[in-house]
Amino acid sequence: MNHPWRQLLHVEPKAGWLNDPNGLSDFGGLHQLYYQSSPDDPAGGGRKCWAHRTSKDFFHWSEEETVLFPDLPEDRSGVYSGSAVVLPHEIRLFYTGNVKEPGEHDYILSGRQANVIAVTTLDGSTMSPKRVLLRNGDYPADCSCHVRDPKVWKEEGIWKMVLGARTRSDHGCVLLYHSEDLAHWTFASRCTKPDFGYMWECPDFFRLGDQGFLSVSPQGLQHEPYRYQNVYQSGYFPVTGRLEEGQLGEFAEWDYGFDFYAPQTYQTADGRRVLYGWMGIPDGDYRNPTTDLGWQHCLTLPREVEAENAVLFQRPVREMEGLLDPPEAVSSNGVLPPACVLKLTRTAPCFALTLAEGLKLEYQEETGVFALDFTDEALGAGRKRRQSKGMACRRLEIVVDTSSVEVYLDGGRQVFSSRFYPRTHPVQYALTGATGTVCAVSL
Ligand code: FRU
């Protein structure tokens with residue numbers, strides 16, 4: 001019997017720790033998913049590797065395998081995050097080889113190597129020898145040792161790579177490199193915003209129609225009542241024109257919940273832009289009690305990303321619809337299937353859905369504030385309240401798994417993701433101010 005907190009719809013490790021999604025690609029008729037994994041330690045210590053899974057449909061996955069280990073001098077302290085490009089007969093993977101030198105160092109200005117390393121795989125699992133492409137000396141002189149997380153794509157007939165970086169004077173930025181052959185890279189330009197954090201991790205760039213988007217995970221933003229509430233953030237800048245000219249628009253957060261960081265997108269063979277986030281966060285002050293059971297963290301659901309003007313909307317991939325049992329009307333209270341989707345329409349100025357008697361999702365038309373509020377300390381394992389402002393909150397789509405909830409507001413204009421740890425299953429609910437349906441998700 002699986003533990004009741006074992007997720008049914010979300011990718012999570014059998015044992016050990018998971019963080020960022022890596023190397024997302026569609027190759028050989030399969031979704032190739034890699035992720036940051038500490039197989040030896042559910043608290044995230046020990047060897048940092050890449051784990052691998054494949055799926056045809058985003059919901060049924062092959063067994064996990066560890067495919068990249070820190071076994072090279074240039075990646076001996078960790079096979080850090082990176083990305084994939086699909087070539088006619090192979091996937092080329094790019095990642096950061098992290099090296100911490102012995103000695104007295106702060107590991108910001110000295111003592112750390114950040115190497116961009118490439119490997120090739122013909123089947124997704126078997127890796128070629130590793131090849132180091134860029135080293136600290138290849139980055140601009142004002143960069144600290146924190147440079148990482150290559151994301152590579154092709155545009156204007158050339159290969160481009162973004163890297164997240166921290167300057168020596170503590171400004172987060174993205175470095176852009178160009179290449180003709182995926183092997184030799186030259187520095188092209190950088191993008192930044194004044195006073196916008198000290199480090200930008202996990203950059204990603206993509207276009208939807210004519211509009212470019214630069215996604216980053218900035219560290220060091222000031223918390224505000226209705227945004228930037230987590231220890232670190234993730235969001236995107238609309239980019240006007242070429243990335244090389246660096247015109248970044250207004251930053252918008254990908255997700256307002258407790259547990260979201262380091263997302264990555266890729267294009268599926270049928271042309272969709274799909275995003276996975278890590279449904280977790282580094283250095284948070286809340287916990288995940290599965291750690292005591294031997295595993296920690298999961299990924300978000302895969303989400304289709306669409307643009308309306310320069311605003312992005314996220315929805316669970318359409319494949320999920322095919323897994324839904326016939327809808328049943330929700331009432332004012334009841335119990336939920338172990339994995340389910342609630343599709344609700346708000347019918348009153350105040351909306352409230354309470355899950356497991358201690359997690360309240362609430363909205364008030366008067367203030368325009370939507371919130372996730374834990375009234376039960378144990379249920380949230382230290383999580384308290386996250387809120388946003390400005391949504392109409394007419395429609396809500398809520399995906400509940402055994403120990404997580406993802407709330408998609410108004411067609412996915414805003415999303416809230418959070419872990420929660422119900423004492424008992426099935427999970428009870430109590431609802432006011434909305435009508436709608438609940439569908440069990442059957443795999
Ligand atoms: C983001 C991150 C990346 C890094 C990886 C290491 O969560 O810090 O910047 O490559 O995790 O696991």
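In listed order, ligands and their atoms are each counted from 1. We number each residue from 1, following the sequence as shown.
Cation-pi geometry between Lys100 and Tyr107 is met: under 6.0 angstrom from the ring centre, within 45 degrees of the axis. Figure legend: Arg303 and Trp254 shown without cation-pi pairing, the cationic atom not lying both under 6.0 angstrom from the six-membered ring centre and within 45 degrees of its axis.
Those atoms of ligand 1 that come under 4.0 Å of a heavy atom in Lys48, given as number and element, are 12 (O). Taking every non-hydrogen atom of Ser81 and a distance limit under 4.0 Å, the qualifying atoms of ligand 1 come out as 5 (C), 10 (O).
Of the protein's non-hydrogen atoms, the one nearest atom 4 (C) of ligand 1 is Asp149 OD1, 3.5 Å. Nearest protein neighbour of atom 7 (O) of ligand 1, counting heavy atoms only, is Asp20 OD1, 2.8 Å. Closest protein heavy atom to atom 12 (O) of ligand 1: Gln36 OE1, 2.6 Å.
A ring-centre distance under 6.0 Å is not found for His178 and Trp185. For Phe260 and Trp278, the ring centers sit 6.0 Å or farther from each other.
Taking distance alone, with nitrogen or oxygen atoms compared against 3.5 Å, Tyr261 stays at or beyond that limit from ligand 1. Checking only distances, Glu201 does come within under 3.5 Å of ligand 1, N or O to N or O. Remark: ligand 1 and Trp278 share no N or O pair separated by less than 3.5 Å (distance only, no angle test).
Under 4.0 Å from ligand 1, not a single heavy atom of Asn98 appears.
Of the candidates Val415, Thr300, Leu301, Val274, Val415 is the only one forming a side chain to side chain contact (heavy atoms under 4.5 Å, CB included) with Gln314.
More than 12 heavy-atom neighbours from other residues, nucleotides or ligands sit within 6.0 angstrom of CD on Glu155.
Here the OG-NE2 distance, from Ser62 to His60, works out to 12.5 Å after rounding to the nearest 0.5 Å.
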